S.K.: 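Attaching a single structure in C-alpha cells format; questions to follow.
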Amino acid sequence: MLSVSDAEAIILQLVQPLDSLIDTEVIDLFTANGRILASPVTSQLDFPHWDNSAMDGYAVRSEDVQDCNEEKPVVLEIIEEIPAGVQPKSIIQSGKAARILTGAVMPVGANTVVMQERTRREGNQVFILATPKPKEFVRQQASYYKAGSQLLPTGIVLNAQEIALLAACQCTKLNVFRRPRVAILSTGDELVTPETPLQSGQIVDSNQYAIAALVQQMGAEAIMLGIVRDEPTALEEAIANALTQADIIISSGGVSVGDYDYVEQILESLGGKIHVRSVAMKPGKPLTVATFPTPHSPLLTPHSLLPTPHSLIYFGLPGNPAAVLVTFWRFVQPAIKKLSGLAEGWEPKFVKARASQELRSDGKRETYVWGQMRLSNGIYDFYPASGVQHSGNLINLAQTNSLAILPLGIARVAIGEEIQVLIQ
C-alpha cells in the first residue's frame, strides 16, 4: 500500500501535458473563457495606442507653466477642445492650451495636462493656478505594452481580465489547447440511473454525475459511458471502447478485493500497466492507476492525423460516493489540470487552518475530513461537516469546500490546533 505522497508523485509523473503543436485549436475570443493558451500572444498595437490624457483638464507645454500659483497664475489662450475619440486639429504653441477630456489624444506640441481643479477659466482663457510636473497626467504611447512583444504566455487560463486585454489589443483569434477528453463509467449490478424507480437493494449511480461535474468544472470534456454490470466481458468491452476516445478514463467501483472486482485484471489483459493498487488513506484506500502507452486507436485532433503522444491514464476509483470525491480532489483533479496544458498551478492546493472542533481518526491511515473552511480575522478556521463522516454518506458532503488532513499516526487533533487543509 502506497503512502498518499508517493501515490501523488507517481501519478503526476505519469501525466504528460497535451502537445502544444498537435493538441490545439483556434477559437474566437467570445468562446475563450476558461481555455488555456497553447502559444504566446502578441499584438500589433501599442498600448496605449497614442499619447492621451489621464484627466479632464488642459493640454499645455510644460515650459509655459513654470513657477505659477494662485497669486501669480499663468494665462493661456484656449484654441481647441478635444473630447475622447476626436483627432486634435491644432498644434499647441507657446502661450496656447487645449481643453482636453479623459482619454483624448494629446495634441502635437503639448506634453503635460493640468487638471481642471488647478485652473480657472474665463472665456477663451485659462488661468493655471499650480505648476504641473512635466508629462503629468499624460499616458504615453507604448508605456504599458509595446507592439510585437509578448502580451500573454503559453499555459495560462483565459479569464475575464485576460479576455478584456485581448479584446483591447484586437487579438480575436487564439490558439488554445483542446479540451482533455475524460471517459467516465460506473460499475456494479446494484446501480441504477436517477430516473429509475428504486427496487430493494439498488443504489442510484451518483458517482458518474459527480465526476462529470468535476471534469467539466476544469474545462475538460466529459464522455459519459453509463453503468457497466459486474460481468468481465461487459466490463472489458466498455474499457476497450473508452480507450479509443479518451485521454483519461475514470471508473468507480470494482477496484477492491471483492469477488466481483474485475477492473485490475481487465486492465492488464488490455495491455495496461498498473502503477497504483491501493493508498494508505481514508476514505479512498482502493485506488487503481494504470497507463496505456499508446491509444488503442488514433486519438485525432482537429488539425492533425497523428495520434497524441502521451500515455492514456486510467483511474479506478472506489465505489463509495464520498471516497470517489475525496480521491478525485486529491489525485485526479491535479492530473487533469496538468494534462490540460497549464504551465503552473496544477498541484493540489493546501492551506493551514485551525480546527474549530476536535477531530479524530484511527491513526492507521492518512484521514480526510470534509467540511467548510472560513476566514476570520485573517485566519482560516476549519469546521467539519455535521453528521457521520462515512465514505457512503453524501448528505453532509453538500456545501463543503475543503478537506482537513489527519496524517498517518495522528489519532486526535485538539480544538484550536493547526491542521493542513486541502482546498477542493
Side-chain angles (χ1 to χ4, degrees), residues 3-5 7-9 11-12 33-37 144 152-153 155-165 210 213-219 279-284 322-338 340 342-363 365-391 393-424:
S3 69
V4 173
S5 60
E8 177 192 55
I11 291 167
L12 292 180
N33 189 33
R35 301 302 296 270
I36 300 172
L37 279 179
Y144 301 164
L152 293 174
I156 65 165
V157 178
L158 297 175
N159 294 312
Q161 55 270 42
E162 289 81 23
I163 290 173
L165 172 60
L214 289 166
V215 165
Q216 291 167 346
Q217 285 172 13
M218 288 182 287
V279 182
M281 66 184 294
K282 182 181 181 180
V324 165
L325 289 167
V326 170
T327 51
F328 188 101
W329 284 318
R330 188 64 184 85
F331 301 116
V332 185
Q333 184 165 278
I336 294 177
K337 287 182 177 180
K338 183 178 180 183
S340 69
L342 273 177
E344 58 184 18
W346 37 262
E347 303 91 345
K349 291 182 173 57
F350 302 96
V351 299
K352 295 293 185 181
R354 296 179 306 195
S356 67
Q357 300 175 29
E358 182 180 78
L359 304 176
R360 288 187 174 273
S361 77
D362 60 14
R365 287 179 280 165
E366 186 167 297
T367 300
Y368 289 75
V369 178
W370 47 91
Q372 281 198 359
M373 190 171 58
R374 304 171 192 166
L375 187 63
S376 176
N377 298 321
I379 298 174
Y380 284 111
D381 289 308
F382 177 80
Y383 296 83
S386 60
V388 179
Q389 295 257 340
H390 187 276
S391 60
N393 183 14
L394 268 177
I395 301 301
N396 65 353
L397 257 171
Q399 301 182 66
T400 61
N401 62 11
S402 53
L403 300 166
I405 303 171
L406 279 68
L408 179 68
I410 301 298
R412 175 181 176 273
V413 174
I415 295 174
E417 189 173 340
E418 187 178 75
I419 51 172
Q420 191 177 49
V421 177
L422 172 66
I423 300 174
Q424 296 174 3

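Index from 1, following the sequence. The structure presented is a predicted model; accordingly, all values stated were derived computationally and were not measured.
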S.K.: Could you give me the CA-CA distance, side-chain angles and deciding distance for Leu342 and Ile36, then say whether side chain to side chain contact (heavy atoms under 4.5 Å, CB included) is met?
M.R.: CA-CA 7 Å; Leu342 273 177; Ile36 300 172; 3.8 Å; yes
S.K.: About how many Å separate CD of Gln333 and CH2 of Trp346, when rounded to the nearest 0.5 Å?
M.R.: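 Result: 13.5 Å between the selected atoms.
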S.K.: CD1 of Ile405 to CE of Met281: how many Å apart, nearest 0.5 Å?
M.R.: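 These two atoms lie 8.5 Å from each other.
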S.K.: Can you find a heavy atom in the side chain of Ile423 that is under 4.5 Å from one in the side chain of Tyr380?
M.R.: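 They are not in contact (no side-chain heavy atoms under 4.5 Å apart), so the answer is no.
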S.K.: Give every residue pair that meets the side-chain hydrogen bond (donor to acceptor under 3.5 Å, both in side chains) criterion with at least one member in residues 401-419, sequence neighbours excluded.
M.R.: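 For residues 401-419, and leaving out neighbouring residues, the side-chain hydrogen bond (donor to acceptor under 3.5 Å, both in side chains) pairs sorted by first residue read Glu358-Arg412.
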S.K.: Considering residues at least two apart in sequence or located in another chain, which fulfil the salt bridge (Lys or Arg N to Asp or Glu O under 4.0 Å) criterion with Arg354?
M.R.: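 Here the qualifying residues are Asp381.
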S.K.: In chain order, what residues pass the side-chain hydrogen bond (donor to acceptor under 3.5 Å, both in side chains) check against Ser3, with sequence neighbours excluded?
M.R.: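 Per chain and number, Ser3 pairs via side-chain hydrogen bond (donor to acceptor under 3.5 Å, both in side chains) with Ser5, Asp6.
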S.K.: Where do Asn396 and Ser386 come nearest, in terms of heavy atoms and distance?
M.R.: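 Heavy atoms only, the tightest pair is ND2-O, 2.9 Å.
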S.K.: Roughly how far, to the nearest 0.5 Å, is the CG atom of Leu152 from the CD atom of Glu162?
M.R.: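 Here the rounded value is 6.5 Å.
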S.K.: From Trp329 CH2 over to Gln424 CD, what is the distance, rounded to the nearest 0.5 angstrom?
M.R.: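 The CD atom of Gln424 is 3.5 Å from CH2 of Trp329, to the nearest 0.5 Å.
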S.K.: Find out whether Ile336 and Phe328 are in side-chain contact, i.e. whether some heavy atom of one side chain is under 4.5 Å from a heavy atom of the other.
M.R.: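 A side-chain contact exists here, since the closest heavy-atom pair is under 4.5 Å.
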S.K.: Kindly give the heavy-atom pair with the smallest separation between Val421 and Ala353, and that separation in Å.
M.R.: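 Looking at all heavy atoms of both residues, the shortest contact is CG2-CB, 3.8 Å.
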S.K.: Look up atom CG in Leu397 and atom CD in Gln389, then write down how far apart they are to the nearest 0.5 Å.
M.R.: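 These two atoms lie 7.5 Å from each other.
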S.K.: Which residues satisfy the side-chain contact (heavy atoms from CB on, under 4.5 Å) test with Ser361, sequence neighbours excluded?
M.R.: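 side-chain contact (heavy atoms from CB on, under 4.5 Å) list for Ser361, sorted by chain: Thr367, Leu406.
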S.K.: Side chains of Val332 and Thr327: closer than 4.5 Å at any heavy-atom pair?
M.R.: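 In short, these two side chains do not touch, never coming nearer than 4.5 Å.
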S.K.: Just to verify, what does Asn377 make a side-chain contact (heavy atoms from CB on, under 4.5 Å) with, not counting sequence neighbours?
M.R.: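 For Asn377, no residue satisfies side-chain contact (heavy atoms from CB on, under 4.5 Å) once neighbours in sequence are set aside.
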S.K.: Can you find a pair of side-chain heavy atoms, one from Ile419 and one from Phe382, that are under 4.5 Å apart?
M.R.: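 In short, these two side chains touch, coming nearer than 4.5 Å.
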S.K.: Spell out, as yes or no, whether a donor-acceptor pair under 3.5 Å connects the side chain of Asn159 to the backbone of Gln161.
M.R.: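 Checking the backbone N and O of Gln161 against the side chain of Asn159, no donor-acceptor pair under 3.5 Å is found.
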S.K.: Return the minimal non-hydrogen interatomic distance between Pro348 and Leu422, and the atom names on each side.
M.R.: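 Looking at all heavy atoms of both residues, the closest pair is CB-CD1, 3.9 Å.
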S.K.: Can you tell me if CD1 on Ile395 sees more than 12 non-hydrogen neighbours from other groups inside 6.0 Å?
M.R.: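 Not buried by this count: 12 neighbours or fewer within 6.0 Å.
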S.K.: Quick one: closest heavy-atom pair of Ala404 and Leu359, and the distance?
M.R.: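 Result for this residue pair: CB-CD1, 4.2 Å.
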S.K.: If you round to the nearest 0.5 Å, how far is CG of Leu325 from CG of Leu403?
M.R.: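 CG of Leu325 is found 9.0 Å from CG of Leu403.
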S.K.: Under the salt bridge (Lys or Arg N to Asp or Glu O under 4.0 Å) test, which residues partner Glu8, sequence neighbours left out?
M.R.: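 Salt bridge (Lys or Arg N to Asp or Glu O under 4.0 Å) check on Glu8 returns Arg330.
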S.K.: Would you indicate whether Lys338, at its atom NZ, is surrounded by more than 12 heavy atoms from other residues, nucleotides or ligands within a distance under 6.0 Å?
M.R.: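 Counting neighbours around NZ of Lys338, more than 12 heavy atoms of other residues, nucleotides or ligands fall under 6.0 Å, so yes.
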S.K.: Any idea which heavy atoms bring Ala323 and Gly284 closest together, and the distance?
M.R.: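 So the minimum-distance heavy-atom pair works out to CB-N, 4.0 Å.
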S.K.: If every non-hydrogen atom of Phe331 is compared with every non-hydrogen atom of Val279, which pair is closest and at what distance?
M.R.: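 Of all heavy-atom pairs spanning Phe331 and Val279, the closest is CZ-CG1, 4.2 Å.
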